[in-house]
Every structure is written in structure tokens, then in C-alpha cells.
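Reading through the C-alpha cells given below for one structure.
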Amino acid sequence: MFKVSSAQTVARRNTQGAEAQGQEQEDGTAPLRLALIGCGRIAQVAHAPALEKAENIRLMAVCDPSDEVARAVARRYDVPAAVTDTQAVLSDPDIEAVLIAAPDRFHYRLAEAALAAGKHVLVEKPLASTTEECENLVELSRKSGLKLQVGAMKRHDPGLQYARDFVARQLGEVRSFNAWYRIGTIRPGVEASLFPHVFADAGARQVEAGHKADRERYLLATHGSHIFDTVRFLLGDIRSVTAVHRGFGRDHTWNSLVTLASGAVGTVVITVDVPGDGAEGIQVFGSTGQISVDTHFPFFRRASDVWAYSSADGAAVVPVFADTDAYERQLEAFAHAVRTDGPTEPDVEDGLAAVRLIAAVAASAAEGREVLL
């Protein structure tokens, strides 16, 4: 259980870590001094490797309720401090920001405590468990003036960024779209091939399995956070959703008819599981062009494949990208926002919008009606 009550200082910071605090990058900007809260699977397979590579961030401490896991992650990445009490991180004046990678149900409490302690926050999606909690975080972020970025890392996928620019400049009036997010049955085997050994506490793993037993709610929240954020990132706000849900034992599917604030209509489909490989993407059709985006399994660290046609040019474009690790790009963008006092991508309002959409889909499917946002 993550604790945010008792105060203590971060222990075991080594001399190398302390000396590193004063170092600056070539452009004269000091790296953002950050702590990782939550050392579970997503932290170990996504965030810690990205933190190791990120150019403008220094990982000062890791925190997890399991001392064994915290120490193991700290050893693997040569982190100066490993602690079990969150307050040890939040009370340390040398730490400027936190990355919250704890389970979903802790996001609100940890983000709230971090903002209260004067820390900038990058929190994994979803922002919180309820719209009310998200609204509170919006207000806290505004009052504090601190950055609160939500971990929708696909906004930092250069393929999706290209698609957003194309939609804005060359697609014309958006008229229809189709978005999909399908998890395939071979995903566990793919993960086993890609992931390093993950340090885990057997007791904590059993507790988390219990919380994920409500698969209908868990799957909609964890996967809906991504696909609905992608739709909003490319096409803007959503006016209403009409959703249908079907369950097949452990498998679930949601099909939603979505009306954008612009009046355009499209579909969003979430399905877990499908036989074989999964797929994620979106097609958008406008008055002067169309675009197709196929997004890869994120741990391939590949940019989305994009095919874009402009009637003005009479040609299709297939862009190619080099810098494609969305997790690393997300962290560097967060550090840049803190250092320049610029906007985060996505911001806390985007996190609130995603949770509102998840709630709207659940309500529409349960009540058989259109839900207005």
C-alpha cells in the first residue's frame, strides 16, 4: 500500500547522485530532478528504460511499497535512493517532480499529495478513477501553478503528431472517422519476448490481480484512456457517445457511435481479446483528404505507420521517422514544459476529458441511450 502520511528524508543517496545535482546540460539548463513512484511492471518495462535515456532528466529516487522491488530497480538503473514511503520523496527539497506509475486507484491520492508538496507531476493514465477526482486535480493544478501531465504517451508518437498536423492543414472539413483498439491473444507471448525480467512482490501481485478481476471496468478504463485520447488529439472534443457492450466470459467489446463537437460522426471500437495479433489505429475522411494511422504495440518503440492523401496534391504521402520512443519523448517534453513554464501534452484537462468519456461509454452501454458530454 502506498503511504503518504509519515515524513522522512530520502535515504541512501550516494555521493555520485548528490554531485550530479549540480551538473548542467550543454544548453545551460539543469536536468529535471525526478523521482519514480511505483516500481511495478509499467515502470520497469517503459518508464525506467526511458528515464535512463532521457537527456534532460535525472532520476534521483525510486519508491515502492516493496523494499525488495525498490532496491532491485534502483540497482538495475544505478539510482541513488530507494525508499518505501512516498513522503520520503515528497518531503525532499532536492526532488522537483515525480512520475507516478502506481496502480490506477492510487493516482488521485498520490498526485494530490505531490501537488500539495510542491512537486510537478507526470501521472500514468488514467488521471484518476472518477470524474470528481479528476476535477479536483484540475483545480489543484490551477491553484498551485504546477505542471500536471497525463501519461498518454501516444501523443508523443511522431506518426500521430504528423497525422494531427495533416488533419489541421490538409484534410479539410472532418466528415467521418473509424478508430479501433484490439488486444490480441498473442500479446503475453510478445511481452515475454520484449520485456526484461520484472521484479515483483508476490503479495502485491496477488492484490493487484484481485483489483483487476472486474475486467469489464478495468479493460474499458485502461484501453479507453488511449483510444479516446487519440481521437480527441487528432479531431478535437467529443459531443456525445452511444455505446453497446458485449461480454463473452473474460472477453469484452465496446462499440461506440461518436459525434464530435464539429458535428462529424465516427466509430470507436475496443475489443479484448481477439484471436492472434491485436491492432490499433484510426482512419479519418475529410473534404480534401484522408489519412490512415496504424499504431504499433508500444514496446516496439516504433512510430505509427501513416498513409495520407491530399486531393490538392493529388498524391499520397508515407512519412518515415527516426526518433520514435514515445515514452522517452514524453519524459523530455515534460521536463521541457517544467523548465520553460510551457504547456504539457496532454494536460490535466485532457486527462479529465478521457475519464469523462470512459464514464460516458459505460453509462451509455448500461442504460441504452446517447450520453451528452
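Here, residue 1 is the first one in the sequence, and each next residue gets the next number. All values reported here derive from a predicted model rather than from experimental measurement.
- More than 12 heavy atoms of other shown residues, nucleotides or ligands fall within 6.0 angstrom of atom CZ in F285.
- Legend: residues meeting ring-ring contact (aromatic ring centres under 6.0 Å, His included) with H226, ordered by chain and number and at least two apart, are absent.
- Within a 6.0 Å radius of CZ in R215, more than 12 heavy atoms belonging to other residues, nucleotides or ligands are found.
- Within the structure, ring-ring contact (aromatic ring centres under 6.0 Å, His included) contacts touching residues 348-373 (residues at least two apart or in different chains) do not occur.
- H336 has its ring centre no less than 6.0 Å from the ring centre of F334.
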Distance-only criterion, 3.5 Å: show the donor-acceptor pairs between side-chain atoms of residues 355-372 and protein atoms not counting sequence neighbours.
{"from": "R356", "atom 1": "NH2", "to": "E135", "atom 2": "OE2", "distance (Å)": "3.1"}
{"from": "S364", "atom 1": "OG", "to": "A243", "atom 2": "N", "distance (Å)": "2.7"}
{"from": "S364", "atom 1": "OG", "to": "R369", "atom 2": "O", "distance (Å)": "2.5"}
{"from": "E367", "atom 1": "OE1", "to": "R369", "atom 2": "NE", "distance (Å)": "2.4"}
{"from": "E367", "atom 1": "OE1", "to": "R369", "atom 2": "NH2", "distance (Å)": "2.9"}
{"from": "E370", "atom 1": "OE2", "to": "S240", "atom 2": "OG", "distance (Å)": "2.7"}

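- A search for side-chain contact (heavy atoms from CB on, under 4.5 Å) contacts involving R329 returns H156, P158, Q161, D323, not counting sequence neighbours.
- Considering only residues two or more places apart in sequence or on other chains, E332 meets the side-chain contact (heavy atoms from CB on, under 4.5 Å) condition with A54, E55, N56, E328.
- Under the ring-ring contact (aromatic ring centres under 6.0 Å, His included) criterion, F300 pairs with F297, not counting sequence neighbours.
- The stretch residues 65-90 participates, sequence neighbours left out, in no ring-ring contact (aromatic ring centres under 6.0 Å, His included) pair at all.
- Judged as a ring-ring contact (aromatic ring centres under 6.0 Å, His included), the pairs with a partner in residues 234-281 (not counting sequence neighbours) are, in order, H245-H252, H245-W254, H252-W254.
- Legend: residues meeting side-chain contact (heavy atoms from CB on, under 4.5 Å) with T271, ordered by chain and number and at least two apart, are R182, T253, V269, V274.
- A donor and an acceptor atom, one from each side chain of N178 and T267, are located under 3.5 Å apart.
- Checking D165 against Q170 by side-chain atom types alone, no donor-acceptor pair falls below 3.5 Å.
- When the side-chain contact (heavy atoms from CB on, under 4.5 Å) test is applied to D277, the partners found at least two apart in sequence or on another chain are I186.
- Listed by chain and residue number, nothing satisfies the ring-ring contact (aromatic ring centres under 6.0 Å, His included) test with Y108 (two or more places apart in sequence, or in another chain).
- By the 6.0 Å contact criterion, CZ on R339 is enclosed, its count of non-hydrogen atoms from other residues, nucleotides or ligands being greater than 12.
- Every ring-ring contact (aromatic ring centres under 6.0 Å, His included) that F195 has, sequence neighbours left out, goes to F299.
- In R187, the CZ atom is crowded: over 12 heavy atoms of neighbouring residues, nucleotides or ligands sit closer than 6.0 Å.
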